[in-house]
Every structure is written in C-alpha cells, then in structure tokens.
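What follows is a set of notes on a single structure, which appears directly below.
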Amino acid sequence: QVQLVESGGGLVQAGGSLRLSCAASGRTFSRDAMGWFRQAPGKERELVAAIRWSGGDPYYAHSVKGRFTISRDNAKNTVYLQMNSLKPEDTAVYYCAAGQYIVVLSTHYDYWGQGTQVTVSS
C-alpha cells in the first residue's frame, strides 16, 4: 500500500504561482512513477506532469510545459509541482498518483491522493 497526501492548493490570481506537495508513505519503493493529474468540472482527468523516483526525464503535458516544474525529494518521499504563470484554465482539482511507469492513462495509476483545489482568478 502507498498513501499519498497532497497540500498547497489555493486561490491565486492569473500570473501567480503555487507549489503543490505530495507526501508519500508506505511501500513507496513498489511504485516508481509519480504523477500530478488535474480534473476540471465536466472534463476528464489529465496527466499534467510525472517523474520517477529512480530518475530520468520528467513528463509534461503540452499545456503546462515551460510553466510547471515537477521535482522530487527522495529523502522526504515527497514530490512537488511548482506552478508559475498560472492561467484561469489551470483551475482544477489536482491529484497526486503513483504507478509503475509514466503513462498518460489515469487507469494505470493505482494509488491516489485526496486531491487539492487550485483556483486561478482572472
């Protein structure tokens, strides 16, 4: 089992920044890929960024590339998502998820956090 707890969401004006954190506990070694997903009302859940505990290039969705940065602290079992130049269309519930590999399909990830709301006002 892997437990994931997100924090850091909130309300911010367009152009502002937020940093999300995802603290992982339990059998974290069993899931190498950590992803940040988001889901806006009426839309499907989409992979925003992903990274592996073991290293390698991170993944970014085209819509956030150059604005968002995913990073990890293996000693703290924590993954971060630094979000800069936020836009109203970034408004969504953001979820942290753990899986075996970095893939865009949400069904591949079998451990999920509770989600944290990010609201960007125009």
Side-chain angles (χ1 to χ4, degrees):
Q1 293 284 345
V2 177
Q3 293 79 41
L4 304 173
V5 179
E6 303 103 334
S7 61
L11 173 64
V12 64
Q13 288 189 333
S17 298
L18 282 174
R19 189 177 82 152
L20 306 183
S21 299
C22 174
S25 60
R27 297 170 58 87
T28 56
F29 58 86
S30 66
R31 296 294 183 270
D32 190 37
M34 296 294 294
W36 282 102
F37 285 80
R38 68 185 180 188
Q39 187 165 22
K43 294 190 176 182
E44 293 188 356
R45 193 169 294 191
E46 64 168 338
L47 181 62
V48 172
I51 197 168
R52 291 183 295 172
W53 293 115
S54 59
D57 292 334
Y59 164 87
Y60 294 100
H62 178 73
S63 58
V64 306
K65 198 169 291 186
R67 300 188 297 123
F68 290 11
T69 302
I70 190 170
S71 61
R72 71 194 193 286
D73 185 332
N74 289 40
K76 295 182 178 180
N77 285 339
T78 301
V79 176
Y80 305 97
L81 185 67
Q82 177 66 44
M83 306 185 293
N84 298 329
S85 302
L86 283 161
K87 305 175 181 179
E89 50 264 44
D90 295 318
T91 295
V93 177
Y94 283 70
Y95 298 90
C96 176
Q100 296 275 17
Y101 310 104
I102 294 180
V103 296
V104 297
L105 290 176
S106 62
T107 52
H108 168 73
Y109 297 80
D110 41 10
Y111 296 103
W112 292 83
Q114 80 284 359
T116 185
Q117 177 70 46
V118 171
T119 303
V120 184
S121 63
S122 56

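Numbering starts at 1 and runs along the sequence shown.
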#### Entry: From CD (Gln3) to CZ (Arg27), nearest 0.5 Å
11.0 Å
### Separation of Ser122 OG from Lys87 NZ (nearest 0.5 Å)
14.0 Å
### Query
Is it true that a side-chain atom of Arg72 and a backbone atom of Arg52 form a donor plus acceptor pair closer than 3.5 Å?
yes
### Task
To the nearest 0.5 angstrom, please state how far the OG1 atom of Thr116 sits from the CZ atom of Arg38.
14.0 Å
### Message
To the nearest 0.5 Å, what is the distance between CG on Leu105 and CG on Leu47?
### Response
9.5 Å
## Note on the structure
Rounded to the nearest 0.5 angstrom, the CD-OG1 distance for Gln117 and Thr91 is 7.0 Å
### Message
Give me the atom names and distance for the closest heavy-atom approach of Gln82 to Asn84.
### Response
NE2-OD1, 2.9 Å
### Task
Can you run down the disulfide (SG to SG under 2.5 Å) pairs that involve residues 14-120, sequence neighbours left out, and say none if there aren't any?
Cys22-Cys96
#### Entry: Minimum heavy-atom distance between Val93 and Gly115, given as atom pair plus value
CG1-CA, 3.9 Å
### Message
With a 3.5 Å distance limit and no angle check, can you tell me whether His108 reaches the backbone of Tyr101 through a side-chain donor-acceptor pair?
### Response
yes
#### Entry: Inter-residue atom distance Glu46.CD - Ser63.OG, 0.5 Å rounding
5.0 Å
### Query
Between Trp112 and Phe37, how do the two ring planes meet: parallel, tilted or perpendicular, split at 30° and 60°?
tilted
### Summary
Connected to Val48, directly or through other members, by ILVMFWY side-chain contacts below 4.5 Å are Val2, Leu4, Val12, Leu18, Leu20, Met34, Trp36, Ile51, Trp53, Tyr60, Val64, Phe68, Ile70, Val79, Leu81, Met83, Leu86, Tyr94, Tyr111, Val118, Val120
### Task
Take Arg31 and Gln100 through the test side chain to side chain contact (heavy atoms under 4.5 Å, CB included) and record every step on the way to the result.
CA-CA 5 Å; Arg31 296 294 183 270; Gln100 296 275 17; 3.4 Å; yes
### Task
Looking only at non-hydrogen atoms, find the nearest pair between Thr78 and Ala23 and report the distance.
OG1-CA, 4.0 Å
### Message
Whether the side chain of Glu6 engages the backbone of Gln114 through a donor-acceptor N/O pair (distance < 3.5 Å, no angle test) should be reported.
### Response
yes
### Query
Linking Ile, Leu, Val, Met, Phe, Trp and Tyr through side-chain heavy atoms less than 4.5 Å apart, which residues share a cluster with Tyr80?
none
#### Entry: Contact summary for Pro88 and Ala14, nearest pair of heavy atoms
CD-CB, 4.1 Å
### Task
Determine the minimum heavy-atom distance between Tyr109 and Ala50, stating which atoms define it.
OH-CB, 4.5 Å
